[in-house]
Amino acid sequence: MLQLVEIAEQIRTRAVSPVEVVEASLRRADELSPSLNAYITVLGERAVAEAREAEREIAVGNYRGPLHGVPVSVKDIFATKGVRTTSGSRILADFVPDEDATVVRRLREAGAILIAKANTFQFACSPPHPDFGPTRNPWDLSRTTRGSSSGSAAAVAAGIDYGSIGSDTGGSIRVPAAFTGIAGLKPTIGRVGRFGMQTVSWTMDHAGPLARSVADLAVLLAAVAGIDDRDRQSIDAPLAAGRGDTERLDGLVVGVLADFMGDDVEPDVRSAVETGIDVLRDRGAEIRHLSIPELGEPALTAHGQIMWPEAAYCHREWFPSRLGDYTEFSQHRFAEARTAPAIDYLHGLEERRRIRAVVAAVQREVDLFVLPTAPMVATPLESMDPGADERMAELAALGTYNSPFDLTGQPAITVPCGFSRDGLPIGLQIVGRDREDETVIRAAQGFEASTEWHSYHPKSRVQV
């Protein structure tokens with residue numbers, strides 16, 4: 001199963017045609033869609049036509065770069081001109097935008113071929129709406145991918161497309177990537193423009209890539225990053241050229257967040273993460289053990305105090321007038337947020353300021369944090385059922401390990417670091433300083449260069 005950078009080189013040298021590559025991806029989508037439910041809309045004829053145009057451009061020397069002619073997808077919360085954008089909801093089931101989201105426009109400018117809109121949770125903040133259903137994990141079809149970028153993760157892991165753009169407000173890039181054994185990057189907030197992306201929380205939403213390797217992530221990030229005049233959180237912080245020395249990590253100080261390595265972490269996960277930390281040490285990083293209590297319950301509480309009121313405000317046009325079109329989970333959350341005291345929201349904003357200051361002080365001496373991406377491996381599909389007792393506990397656990405860094409806006413990446421005894425992938429999370437995405441990528445590439453976990457794929461396990 002080739003990585004994005006590998007198929008890109010074959011396209012560049014004309015060893016393969018973009019048409020051949022796109023048609024192969026579309027065939028694989030047809031074969032696996034019934035099992036995985038990874039895509040909502042497939043752009044078959046349009047994608048092939050764009051691949052033919054890419055082939056013509058490359059043949060006459062107009063090669064645009066490493067995404068030219070490469071099949072990709074985007075989470076179905078990003079607007080696509082002339083193609084329905086459902087946000088996994090009944091309310092927008094037939095919505096067809098008249099312009100592209102910023103990330104879609106930039107992918108097209110880079111020559112990427114958009115082959116599909118990936119399945120997502122309802123409005124990216126609720127369990128899957130029954131009209132669309134959950135995405136299944138390609139490593140075990142009885143397991144979930146969790147996180148609202150679930151379709152993106154499953155499609156990349158199963159080898160349908162070569163990369164996808166998802167979103168992350170509480171872990172929705174990192175958790176599905178970890179559960180499916182791929183890499184996922186939540187960049188610094190504002191690094192990737194969000195115009196045309198369905199809003200959950202305008203102060204915490206992040207857009208970012210999912211792919212089979214860190215090198216692939218870097219290519220996707222370079223294509224979609226940049227100032228977006230129509231995004232209030234957008235930052236003017238160009239990515240540094242080059243990837244640096246990925247063979248050694250000398251000079252980097254890595255802090256192991258001890259509060260996230262406790263008894264709630266499954267033994268297989270803890271063992272894999274500890275081994276991953278040893279890999280970073282062997283690469284030359286200095287390892288320190290830290291405790292930052294503010295990233296625990298205070299961060300989780302502040303995250304909820306901010307996210308749900310902002311989400312409820314964004315849905316004021318439809319909620320509660322279209323109450324029946326929302327899942328029971330969303331109904332409860334939005335109703336609760338609409339009546340929450342304003343002082344709670346303001347408390348969350350002030351707590352975020354305080355927590356960011358604490359983290360920044362620690363990171364004057366520490367370049368990176370490491371912790372598990374999730375304390376468990378992929379959970380059974382049954383845990384997604386509306387009445388499942390496990391659901392709220394799992395959501396809280398996953399949020400505990402991921403939402404603090406949506407709150408702070410720091411860059412965070414997950415890379416595969418092993419498997420459980422049941423053969424399910426485990427993710428290692430690496431978190432960097434604000435705006436230092438390149439350092440996070442460098443460390444992840446250094447880790448990946450010493451391991452083979454990213455080269456495993458679930459092909460033999462997918463049933464069609």
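No experiment lies behind these values; they were computed from the predicted model shown.
Checking Gln429 against Arg174 by side-chain atom types alone, a donor-acceptor pair falls below 3.5 Å. When only modelled atom types and interatomic distance are considered, Asp228 and Thr102 share a side-chain donor-acceptor pair under 3.5 Å.
Judged by distance alone, the side chain of Asp437 and the main-chain N or O of Thr188 form a donor-acceptor pair under 3.5 Å. The closest donor-acceptor contact from the side chain of Asp434 to the backbone of Gln410 lies at 3.5 Å or more, if one exists at all. With Arg106 contributing its side chain and Gly226 its backbone, the two residues share a donor-acceptor pair below 3.5 Å. Judged by distance alone, with hydrogens and angles left aside, the side-chain atoms of His68 form a donor-acceptor pair with the main-chain N or O of Arg64 at under 3.5 Å.
In terms of heavy atoms, Thr180 sits closest to Ala157 at O-CB, 3.4 Å.
Taking the ring centre of Phe95 as origin, the terminal cationic atom of Arg84 falls outside the region bounded by 6.0 Å and 45° from the ring axis.
If you run side-chain contact (heavy atoms from CB on, under 4.5 Å) between Glu286 and each of Val253, Val254, Val366, only Val253 comes through. Put simply, the residue from Thr169, Asp205, Ile77 that forms a side-chain contact (heavy atoms from CB on, under 4.5 Å) with Thr199 is Asp205.
Looking only at side-chain heavy atoms (C-beta outward), Phe369 and Gln363 come within less than 4.5 Å of each other.
Aromatic ring orientation, Phe405 versus Phe260: tilted (interplanar angle from 30° to 60°).
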